[in-house]
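Worksheet: the structure to be examined is printed underneath.
Chain identifiers are assigned alphabetically (A, B, ...) following the order of the sequence lines, protein sequences preceding nucleic acid strands; residue numbering begins at 1 within each chain.
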Amino acid sequence: MIELILFFKIIAAIIAIESKNLLSAIVSLGAVGFALAIIMVFLNAPDVAIVQVLVEVVLLVILVRATLHRDLTDLKGKREFFVKVFGIVAVGAFFLGIAWGLISLPVFGSFPETAVSVAVPSEWYLAHGLRQTGISNIVTAVLLDYRAYDTLGEVTVLFSAILGAVVILRKKR
Amino acid sequence: MSEIVKTITSLVMDAIAVFGIYIVFYGHLSPGGGFAGGLIISFLFILLFLAYGQKKAIKRLPYHFIRRINFVGLLGVFVLFILAVYSGVFELSLWKGQDFSLLSGGIIPPLNLAVWLKVGAGIFMVFVTLSVFRSTQDE
Amino acid sequence: MNILPLFILIPIGAAFALSTFDILKQERKKVLVSNITAAAACLALTVLAVMQIGKTGTFEMGGWSIPIGISLVLDGFSAPVLVITGLVSLMCAVFSFSYMDMYSGREKFFSLFLLMVAGMNGLVLTSDIFNLYVFMELAAVSSFALVAYGTMKEELEAAFKYLVLSGVGTVFILMGIALTYGHTRNLSMVFIYNALSSGSAGSGMYLAAGFFMVGFGIKAALIPFHAWLPDAHPAAPAPVSAMLSGVLIKTAGIYAMVRVLFLLFAADLSVASMLLRTLGVLSLMIGVLLALGQWDFKRLLAYHSVSQMGYIALAFGIGTPLGIAAGLFHLLNHSVFKSLLFLNAGAVFYRTSTRDLRDMGGLNAVMPVTGYTSMIASLSIAGLPPFNGFWSKLLIIIAAIQAGYLWLGLWAVLGSILTLASFAKVQRYAFVGEIKDKFKEIKEVPLPMAFSMIFLAVLCVLMGILLVPGIRAVVLDGAAEVLLNPSNYIRIATGGMP
Amino acid sequence: MNNMPLAYGLAMILFAVGLYGVVCKKNAVKIIISLLIMENAVNLFILLIGYRKDGIAPVMVKGQEASEFASMAVDPLAQAIVITSIVIGLSIVALMIAIAIRLYDRYKTFDTSKMKDLKG
């Protein structure tokens with residue numbers, strides 16, 4: 001099932017990149033993002049799926065609103081043949097390298113292989129999360145308790161990006 | 001935008017607000033949390049903005065008010081994280097509460113709230129800055 | 001009370017506070033308060049960092065021990081980098097007091113500046129690879145905005161290029177983290193090392209290392225991935241260029257790369273060192289050759305940054321204790337003299353509004369402080385005694401020859417000679433000789449700018465002291481201990497427990 | 001084949017498609033889209049690593065045994081990482097769009113091959 005949606009997703013991605021119309025490119029990007037959200041539901045990740053859907057909506061609205069009415073929505077100009085061939089060859093070589101490297105990963109869906117121990121943190125979170133933090137959504141427990149420092153960094157990154165956008169779009173030099 | 005969009009917007013706004021608040025307050029019990037809730041609340045404003053146009057939206061929701069909310073969220077995040085980092089407040093819960101009840105989880109619900117304010121105001125600020133921007137070439 | 005978290009909390013708190021300062025109505029008050037806050041925060045960071053020299057320590061965030069939580073680790077490699085980050089940022093903040101008069105929005109500038117410092121400190125201190133990624137992004141995102149600060153064509157184009165390449169780099173790093181996590185089920189460096197050394201990792205870890213190499217290579221602007229640097233560094237305001245060239249490419253690039261690669265390949269360092277050496281020699285030679293033909297002052301300096309990063313990568317790639325000490329020493333030295341050179345370029349631009357070397361000439365007569373400090377910095381970067389650049393390059397060459405890489409030593413010498421030629425050109429065209437009529441009226445730069453340049457020039461002269469055996473043992477030799485022998489790192493990170 | 005499932009490979013193909021877009025496309029909006037696709041692929045990959053066959057979501061419900069839950073649920077750490085990286089990706093893209101808008105303001109085009117103020 002996941003593989004099927006993934007095929008669809010890759011096709012949408014190729015359309016998003018190759019389409020000559022910017023609006024259809026952005027809509028195809030939306031398809032890629034929402035397909036990811038659906039896959040997340042299949043992968044038992046409701047928290048992430050919610051965030052993914054919402055972020056995708058924000059991005060699409062911002063992309064359409066901020067970019068589309070500014071430029072010609074149809075891209076003109078001939079495509080450079082050699083650039084394309086080179087790109088495809090390079091990406092193909094890249095993929096062969098990756099296929100070699102992926103062989104040693106643990107079997108898909110086999111998490112975890114070891115018994116409950118402190119050396120595998122996610123096991124620890126599942127086993128002791130409720131007792132230690134008192135909340136039942138373990139993902140929130142990891143985000144805001146065990147790895148709260150990451151979340152501080154993340155909020156700061158968001159703050160920094162907002163400040164940056166405000167600075168870049170300010171009126172005076 | 002057209003009358004249909006405006007009517008539907010005014011109808012769904014309350015529902016969106018309630019859903020956003022629910023997502024935050026139950027973020028420690030069910031899927032959701034500060035980020036998701038913040039994004040939903042910012043949709044509320046974005047919807048207002050798109051349906052009613054810039055002027056009316058800004059009148060109903062002044063920009064400096066959003067900035068103030070942003071600062072409150074920022075302050076909350078910072079203070080709570082300092083507490084968290086230094087004293088490990090997580091272990092000494094503010095309210096121990098019953099597991100699976102709304103008032104449980106120690107410092108996590110307030111943190112969720114702070115992140116919610118921060119993210120909601122922040123995303124809206126980004127949206128306003130990006131879409132209100134007009135060319136400055138003539139200056 | 002452990003002070004390690006303060007390295008992140010002070011700049012972040014100051015940045016948050018600064019962003020509220022635009023409620024102040026008067027422009028003068030705003031500028032004054034922003035200046036004081038930024039300088040105070042940087043000064044506090046520097047003082048704290050100097051106090052940490054030679055110490056080791058760890059702090060568990062929120063009381064969760066690794067691997068279930070995140071902990072900060074201070075060791076012989078991170079302490080010197082922290083000090084240099086604090087010092088350079090303090091000097092750049094002082095320099096901006098006057099320089100940023102050209103631009104508006106002082107409080108936003110310093111807010112982004114401090115966020116960048118916070119990101120760098122965070123990624124230097126952390127012992128968790130995902131946390132390293134988060135703080136690297138914090139530093140990167142603020143630097144994108146700072147490069148585009150002028151919002152003119154050149155700045156925006158450079159920032160976009162930087163953003164795209166750096167974005168690709170971070171995606172590669174994240175993929176590397178994902179592969180590492182898939183193999184070890186851990187994010188803490190200590191436990192990754194444990195997991196990798198206990199079982200056979202297989203081909204996947206080579207793939208992960210490849211991803212890390214490309215990602216950090218882009219961040220460090222080593223040669224095949226350097227395309228963004230010669231655009232982004234000249235386009236930014238001078239204090240920001242000094243920060244980017246001086247510390248950001250080192251902390252986010254070389255430091256993180258060395259940390260992660262030496263961790264993943266702790267069992268057998270030969271492949272990783274070979275790659276580092278190759279990239280190093282390539283960057284060192286091609287960077288300096290490209291720099292020779294430049295007429296834009298800051299662009300020339302940017303190409304020299306590529307070249308000097310090559311020296312540092314080469315030194316770490318040698319992989320002996322002496323090589324690592326030399327690499328760290330050159331990293332510190334390069335931070336000092338390259339930021340000084342960028343500040344010089346900014347000072348010249350501040351008075352003459354040009355960056356083209358052919359338009360300048362004889363500036364020594366009207367701007368003596370800028371002229372002489374830039375001469376010191378040029379001699380340092382070219383590696384002439386008794387300035388700091390000489391000692392670290394000498395150390396690199398000695399380390400290369402000791403390890404049996406005679407050719408690498410020769411390349412390093414050749415690169416050094418070409419650097420000297422290129423800086424002779426800078427001095428000849430910009431500072432020495434006949435002054436042009438239009439520049440006869442200009443004055444020396446204001447006091448804050450002069451102060452920071454003089455301070456860095458003094459450091460250039462004095463940093464040779466670090467080679468005195470007692471000081472060297474405290475400052476430079478700690479890095480090799482933790483990098484070449486991860487069990488030392490584990491001992492520090494777990495608070496002395498085995 | 002058993003050892004290298006299709007899903008990992010497909011996620012990597014998605015990554016490669018995004019990489020191709022970043023390298024070969026000239027339009028600023030297309031570059032942003034390609035970068036987003038790459039981020040998408042990495043997030044998917046992390047989640048696939050944390051997946052457990054026939055697992056449940058890492059959210060406890062009332063009356064569940066802790067040990068049973070721990071042996072069933074999928075990896076919460078991978079999901080936390082993905083949430084963080086999604087938000088970081090959002091902030092990078094927001095900044096990117098801001099710069100692209102400003103570039104359009106200066107050049108009146110999104111075509112990066114027409115922006116030639118920089119020498120190299």
Interface residue of largest heavy-atom contact number with chain A, from B:I46, B:V115, B:L74, under 4.5 Å: B:L74
Under 4.5 Å from a heavy atom of chain A, the part of B:F124 involved: neither
Within-4.5 Å side-chain heavy-atom neighbours: B:V24 and B:I41: no
Heavy-atom side-chain contact between B:L113 and B:F25 under 4.5 Å: yes
Where B:N112 and B:H28 come nearest, the two heavy atoms and their spacing: ND2-N, 4.2 Å
Side-chain touch A:R147/A:Y125, heavy atoms, less than 4.5 angstrom: yes
Residue selection (most heavy-atom pairs with chain B, distance under 4.5 Å) from A:T140, A:L163, A:N137, A:V61: A:N137
A:F159 and B:V77, any side-chain heavy atoms less than 4.5 Å apart: no
B:L75 side chain near B:F71 side chain, heavy-atom distance below 4.5 Å: no
Top of A:I162, A:L158, A:V166, A:T151 for chain B proximity - count of heavy-atom pairs under 4.5 angstrom: A:I162
Per-residue contact mode, B:F43 against chain A (heavy atom under 4.5 angstrom): side chain
Whether A:S19 side chain and A:A16 backbone form a donor-acceptor pair below 3.5 Å: no
A:T156, part contacting chain B, at a heavy-atom distance under 4.5 Å: neither
Close contacts, residues 44-60 of chain A versus chain B, judged by heavy atoms under 4.5 Å: A:P46, A:D47, A:I50, A:V51, A:L54, A:V55, A:V57, A:V58
Any side-chain heavy-atom pair of B:I23 and B:F19 under 4.5 Å: yes
Test side-chain contact (heavy atoms from CB on, under 4.5 Å) applied to B:F127 and B:L50, step by step: CA-CA 11 Å; B:F127 177 77; B:L50 291 178; 4.0 Å; yes
